[in-house]
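None of these values were measured; they are calculated from a predicted model. Quick note: numbers below take in every heavy atom, side chains included, and nothing from hydrogens, waters or symmetry partners. Labels below follow one simple rule: chain letters A, B, ... track the order of the sequence lines, proteins then strands, and each chain is numbered from 1.
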Amino acid sequence: MSQPPPDQALALIRRFRSELVTEDELLRRLEEAAAKGERLRVKFGIDPTFTDVHLGHSVPIRLLRLFQDFGHLPILLLGDATARLGDPTGRNDQRPPLSKEDVEHNAATYLEQIGQVLDLNPKRCELRRNSEWFGAMDFFDSLRLLGRGTVARLLERDDFRARIDQSQPIHLHEMMYPLMQGWDSVMLKADVELGGNDQLFNLHMGRLLQEREGQRPQVCLTTPLLLGTDGRKMSKTYGNHVPLNGEPEDVYGKVMSLGDEPMVDWFRLATSLEGGEIEAVLASHPREAKGRLAWEIVAGLQGAEVADAAAEKFTNQFKHKQLPADIPEVVVSERSLALPNLLQVAGLCQSTSEARRMIRQGGVRIEGEVEHDMGREVALSAEGDGTLVQVGKRKFARIKQG
RNA sequence: GGGGAGAUACCGAAGUGGCCAAACGGGACGGACUGUAAAUCCGUUGGCUCAGCCUUCAGAGGUUCGAAUCCUCUUCUCCCCA
């Protein structure tokens, strides 16, 4: 796609838009860029703090891709300096301080996953790291930057406020976070910055700092947050995320476990279907619609063939109630074990107490038959496929002696 | 530097000498239902050689027949004053 007329571009951008400060400014910049034949510098920053990029992150990246397709210049900023600062939302206060090595390792994985959505070709994308400038700052530079923020301004943030109300500690360096992100915009001379809606405050800080430095303040464009499969904010901490580099069957399965209502958002934000198509799909049976959604998402990441295969596997396993194709095989040394111990040893239950609970509740099957006998000795053989044991709906194992 | 509050199971939060393996809520898990999901209902949610036993209430000691609860010290957090 090459430089569509600005108003058309704007229309396409609206699909991903949550907040836009301001639409007029963005339109003007698009027009100017088109008139001068220049590319807008569109910044998106991500901190390599985990090894997985998930579908929620992919929303602003898809928007970034859109700008790229329009012929503008995406600037992918790896926050290798900010990553070492920790999580300013305080949601995950267990996060250990990251070493340089951790950050580098994560960064490499990130790029691989982001590459599934964005064209990382150096001609079409600028890749930067903020250690480039933060690494060079001395203490007085830092103080100068810190002086740009005020406590009152930071306390306006709900997440800080909540932490104070809950008597949780807020460390001083955490207040640096928005300032650092804002400073990134200054250093990159960003025209536009993209981010999830939770980033709005930080993006505004970029505007502020740019203005103070005599730059034209960036346009802030946030995307809606994609909710996780359980309806909460998508986050690895909650385990409700869809990893971009997940196994296709897992991604497919995760999407299928989504509720009905969020489907619209997922279609809009995580697939390439046109508005009209989405409506048509949603008009069908919700299960069909969800299947289509899962297919589109997998296909978007890994291609149509992979998506077909994932869909087929899923259908076999759940719709036709067939056993999953890849039941893990567990080898134990004993020739025979009491059932609770067997379940524990095979890793199907955490403890024998839990195993007993599962048996009592009728959640345990041996060779497909529900087993209620708590004390049953299960004989194991080294021959054949092993004994098929199932706990609940999802946990399977073939247990062999050996 | 001074004063006050607090640390309870996956999370939040009751409990202030025995009836506490610890209320309640959330989450998670199992079952029913269903569309494979959600919602709903029922149940479970420290461990074990499981109708019994063992180890838990920040950590270490102590008082007591008996401590999550009382005392001492330690570690960590929050708030206020300087």
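Atom name C1', nucleotides B:A28 and B:A9: the rounded distance is 14 Å, in whole Å. Spacing between B:C20 and B:C65 at atom P, rounded to whole Å, works out to 23 Å. Distance noted for atom P between B:G25 and B:C78: 31 Å (whole Å). Remark: the separation of the C1' atoms in B:G47 and B:A39 is 35 Å, to the nearest Å. With P as the reference atom, B:G35 and B:G27 are 24 Å apart, rounded to whole Å. Nucleotides B:G59 and B:C10 place their P atoms 13 Å apart, quoted to the nearest Å. Separation of the C1' atoms belonging to B:A58 and B:A23 is 22 Å when rounded to the nearest angstrom. Taking atom C1' on both B:U55 and B:A21, the two are 10 Å apart, rounded to the nearest angstrom.
In summary, the side chains of A:Asn341 and A:Thr352 do not present any donor paired with an acceptor at a separation below 3.5 Å, with no hydrogens or angles considered.
Judged by Watson-Crick or G-U wobble contacts below 3.5 Å, the nucleotide B:A68 has no partner. B:C10 is paired with B:G26 under the criterion used here, namely a Watson-Crick or G-U wobble arrangement in which both key atom distances are under 3.5 Å. Nucleotide B:U40 is matched to B:A32 when pairs are restricted to Watson-Crick or G-U wobble geometry with both distances under 3.5 angstrom. Across the strands present, B:A5 finds its partner in B:U77; the criterion is a Watson-Crick or G-U wobble pair with both atom distances under 3.5 angstrom.
For the pair A:Glu25 and A:Arg216, the salt-bridge criterion is not met [side-chain N within less than 4.0 Å of a carboxylate O]. Under 4.0 Å is where a charged nitrogen must lie from a carboxylate oxygen, and between A:Asp24 and A:Arg28 no such pair does. Looking at A:Glu211 and A:Arg207, no side-chain N of the basic residue comes within less than 4.0 Å of a carboxylate O on the acidic one, giving no salt bridge. A salt bridge does not link A:Arg144 to A:Asp141: none of the charged side-chain nitrogens sits closer than 4.0 Å to a carboxylate oxygen.
As rounded to whole Å, 12 Å separates atom P of B:U34 from atom NZ of A:Lys393. Regarding A:Gln390, its CD atom lies at a distance of 15 Å from the P atom of B:C29, rounded to whole Å. When rounded to the nearest whole Å, the span between CD of A:Gln350 and P of B:C10 equals 11 Å. Here the P atom of nucleotide B:U36 and the CE atom of A:Met263 are 15 Å apart, to the nearest Å. Taking atom CZ of residue A:Arg365 and atom C1' of nucleotide B:G30, one finds them 12 Å apart after rounding to whole Å. Between A:Leu343 atom CG and B:C48 atom C1' the separation is 15 Å, expressed in whole Å. If you measure from atom NE2 of A:His372 to atom P of B:G31, you get 11 Å, rounded to the nearest angstrom. Rounded to an integer number of Å, the gap from A:Ile359 CD1 to B:C29 P is 19 Å.
Contact check, A:Asn341 against B:C48: no side-chain N or O comes under 4.0 Å of OP1 or OP2. For B:G47, one of the phosphate oxygens OP1 or OP2 lies less than 4.0 angstrom from a side-chain nitrogen or oxygen of A:Arg357.
The base of B:C48 has none of its N or O atoms less than 3.5 Å from a complementary donor or acceptor on the side chain of A:Ser351. Looking at A:Gln361, its side chain comes within 3.5 Å of the base of B:G43 through a donor and an acceptor atom.
When each of A:Lys290 and A:Ser353 is assigned the nucleotide of RNA chain B bearing its nearest heavy atom, the one mapping closer to the 5' terminus is A:Lys290. In terms of position on RNA chain B, the residue among A:Gln344 and A:Met358 whose nearest nucleotide sits closer to the 5' end is A:Met358.
Under the 3.5 Å distance criterion, the side-chain polar atoms of A:Asn130 are matched with a main-chain donor or acceptor of A:Ala81.
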